[in-house]
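One structure is given below, encoded as structure tokens.
Below, chain A is the first sequence line, B the second, and so on; all start at residue 1.
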There are 2 protein chains.
Amino acid sequence: MDLGERKRYILKAIVDDYIETAEPVGSRTIAKKYEMGISSATIRNEMADLEELGYLEQPHTSAGRVPSDKGYRYYVDKLINIKDPTPEEASEIKSILQFATICEIDNIIKRTTKLLSEVTRYTAAVLSPSVKKSALKSIQLVQVNDYDVLAIVVTDTAVIKHVLIKLPRRIDYDTLLKINNMLNEKLRNLTVEQIDLSVINQILMELRGYYEILNAIIPVLYDSLKSVDCDIYLEGTTNIFKYPEYNDINKAKNFLSLLERKETLIDIFSDDGENLKVSIGRENNNDEVRDCSIVRASYMVGNKVVGTIGVIGPTRMDYSKVIGILKFIADNLNDILRNSF
Amino acid sequence: MDLGERKRYILKAIVDDYIETAEPVGSRTIAKKYEMGISSATIRNEMADLEELGYLEQPHTSAGRVPSDKGYRYYVDKLINIKDPTPEEASEIKSILQFATICEIDNIIKRTTKLLSEVTRYTAAVLSPSVKKSALKSIQLVQVNDYDVLAIVVTDTAVIKHVLIKLPRRIDYDTLLKINNMLNEKLRNLTVEQIDLSVINQILMELRGYYEILNAIIPVLYDSLKSVDCDIYLEGTTNIFKYPEYNDINKAKNFLSLLERKETLIDIFSDDGENLKVSIGRENNNDEVRDCSIVRASYMVGNKVVGTIGVIGPTRMDYSKVIGILKFIADNLNDILRNSF
DNA sequence: AGTTAGCACTCACTATGATAGAGTGCTAAT
DNA sequence: ATTAGCACTCTATCATAGTGAGTGCTAACT
């Protein structure tokens, strides 16, 4: 059961118009602005049908129509014309990301987030590579002074973590080197999830004489790897004030409060395998974003999908623009990450 | 020229009441709620005097009085009874900061920021130690793979910075060690500001054969030290919605936009030598915070003042509570930083 | 002289009702 | 199947009046 050609055209016109104006769309507007050669009365009939089918809603009897979540979904799946970035936008994106080539991944991610929020004019979020999905590439222990050792872990997802470890007693260089080598030997190429008691016991066994030192190092190191799976970077949080749906102080407050809860956000933006995903209103599992839409894409380091970049805003989102820009930025980001890491 | 005893009492009552209720305070309220044994008419006369002297303002003729910036200033300087944290608050603060002892400074700062915003119920900001004011304690170059070296810098202000450096060619361990030692020899105990061309030239001279490698390392290292002087951590940005002065969507928007501009914030919260400082409304140099008040305190690592912690909110701020809590948290933070670093 | 009761006055805030305008659904004609 | 016409609905806006909090001033009181 699909909509007829004309209903599709009308639905698209309504969604486009509503996205542009934020006002309920009336039959006259459609007839005049989107010259269709049929009268407003005919359009009214079609609109009544579309409402009955669940694609449109009416705020009150004498108002125009507004797309429902289902309407937006149909629009995104079948009607949308994706807008590529304008030449200016494209060159801005390229130049900012290009410049980031020399930087490390944290820096690239921060820039990307800012860029995404500026070009789309919505709130942008980027998840840094998940540590859980990463394998350890190198562990280095560096003595910074008599009792302090800095452990630096580099993963195959380009994440660099450091943690300061306080030792119970002074330690000589050879011992540190020995421990360092052993940690690398046993842990290299393991993912964080693969590190378990048996691996740790192996290390303790092989370096039986250094129990005290290892007992200071390993738990702290382990905790710091396990505790934070990924960071989330946000930019453009005040962009929502550009959109009239957030002129209501409570709506704005709820939205911004949501942005303060990092765990919820990470949950919302976490990857679920799809390369590009649009979640509209109530489609979101999370109740708190039931009047928001989220568009997100995954990005890769090496050949592995490791994180996501995305945008959150009202369901009345300019999907065609956001999807175009998000694709473009994700592609460019992937190029850079492929070449640099 | 000082106010008389009675005027002082009335001014204090008005400020206290306004801070509590956010409503202009009338003469009857003062007479009844703050039992003074004088009639509302007498209080009206005193209030008219206080207004003439600039301590009070009237939103409109038939409204009560509201403190002016000058009124708040007088209140903070001469009338305030600083409220110490409640036992519950004190023990919460102690337990959260105590737990942070094992962590490194970034982590401690993040926790402190969150804590400060939760206990005061305003927006909290903490400036991490200024790198410019720091001296380098140790520099370590760590090979993470064939062409990548990670430079780790530890300062005497407990800041740890790392930067990934791409090398033009493979480098052997001994060379790296040599460069590493030279960097430490020449740069250790210098502040970032003291690092200039002459120092760098010295290094280049002494390691003449390694120009290509040094040319990859030094500029990147130098940039990463110079580029970011300090970070600012924010928490409780949506706390402002608790206060009716931000029920106006534009006020809220302006405030939150301000919080997105990190440079402005750093400027606002930067230390100016005073241990505890209250800036009220127009007293702030920065125009954008002319209807905000800021309370901030400095904190130390070792014996050196390195950063500030503070709170920003409406001029109708609960100064007595905020000052009490801020002092308490700053003292506790200093204890921890003194003992750990 | 300082204090206070009394009172007229001001001004924001809150209904209330009237009006305009946008948009609909239905009916009857095309 | 389409459309012109029209009654109907509902919101948004505006003016009006009434209410109440709070003031400033005056005159009386201590």
Side-chain angles (χ1 to χ4, degrees), chain A residues 3-11 13-18 20-68 71 244-245 247-249, chain B residues 3-11 13-18 20-68 71 244-245 247-249:
Chain A
L3 303 172
E5 175 72 20
R6 193 168 68 184
K7 280 200 175 55
R8 291 225 298 275
Y9 189 86
I10 291 175
L11 179 55
I14 292 173
V15 176
D16 280 334
D17 202 76
Y18 186 61
E20 187 190 331
T21 64
E23 295 291 331
V25 187
S27 53
R28 245 176 65 90
T29 312
I30 299 298
K32 281 174 70 179
K33 202 160 151 190
Y34 298 84
E35 305 160 6
M36 306 189 52
I38 53 175
S39 77
S40 64
T42 311
I43 293 174
R44 273 204 289 287
N45 290 328
E46 296 284 42
M47 282 163 85
D49 290 350
L50 283 167
E51 181 169 358
E52 213 172 337
L53 293 167
Y55 295 101
L56 295 180
E57 282 165 2
Q58 215 172 1
H60 55 86
T61 34
S62 69
R65 291 330 199 276
V66 158
S68 65
E245 27 272 272
N247 276 356
D248 180 277
I249 195 87
Chain B
L3 302 172
E5 175 72 20
R6 194 169 67 186
K7 279 198 175 58
R8 290 224 299 276
Y9 189 87
I10 291 174
L11 178 55
I14 292 173
V15 176
D16 281 335
D17 201 76
Y18 185 62
E20 188 189 332
T21 64
E23 295 291 332
V25 186
S27 53
R28 244 176 66 88
T29 312
I30 299 297
K32 281 173 69 179
K33 203 160 149 190
Y34 297 85
E35 306 159 5
M36 304 189 55
I38 52 175
S39 77
S40 64
T42 311
I43 293 173
R44 275 204 288 287
N45 290 328
E46 296 284 45
M47 283 164 82
D49 289 350
L50 283 167
E51 181 170 359
E52 213 172 337
L53 292 167
Y55 295 101
L56 296 178
E57 283 165 0
Q58 216 171 359
H60 55 87
T61 36
S62 69
R65 285 344 194 271
V66 158
S68 66
E245 26 273 273
N247 276 357
D248 180 277
I249 196 88

Can you measure [X] atom [atom1] to [N] atom [atom2] for me and round it to whole angstrom units?
| X | N | atom1 | atom2 | result |
| --- | --- | --- | --- | --- |
| B/Arg6 | C/dG2 | CZ | P | 10 Å |
| B/Asn247 | C/dC13 | CG | P | 13 Å |
| A/Glu46 | D/dT2 | CD | P | 7 Å |

Completion exercise
Here the gap from A/Lys33 atom NZ to A/Glu20 atom CD, rounded to the nearest 0.5 Å, amounts to 4.5 Å

Practice task
Find the distance between CD1 (A/Ile38) and CZ (A/Arg6) and round it off to the nearest 0.5 Å.
Solution key: 4.5 Å

Handout entry: Distance-only donor-acceptor check, side chains A/Asp16 and A/Tyr34, under 3.5 Å
Key = no

Exercise for the section: Indicate the atoms forming the closest heavy-atom contact of A/Met36 with A/Tyr9, along with that distance. Expected result: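 Result for this residue pair: CE-CD2, 3.4 Å.
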
Practice task
Using a 4.0 Å heavy-atom cut-off, write out nucleotides 21-28 of chain C from 5' to 3' as B (base contacted by protein), S (sugar-phosphate only) or - (no contact).
Solution key: -BSBB---

Handout entry: Side-chain donor/acceptor of A/Ser27 to backbone N/O of A/Ile43, under 3.5 Å
Key =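 Checking the backbone N and O of A/Ile43 against the side chain of A/Ser27, no donor-acceptor pair under 3.5 Å is found.
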
Exercise for the section: Output yes when a side-chain donor or acceptor of B/Ser40 lies under 3.5 Å from a complementary backbone atom of B/Ala31, and no otherwise. Expected result: no

Problem - 5'-most by nearest nucleotide on DNA chain C - B/Thr42 or B/His60 - result: B/Thr42

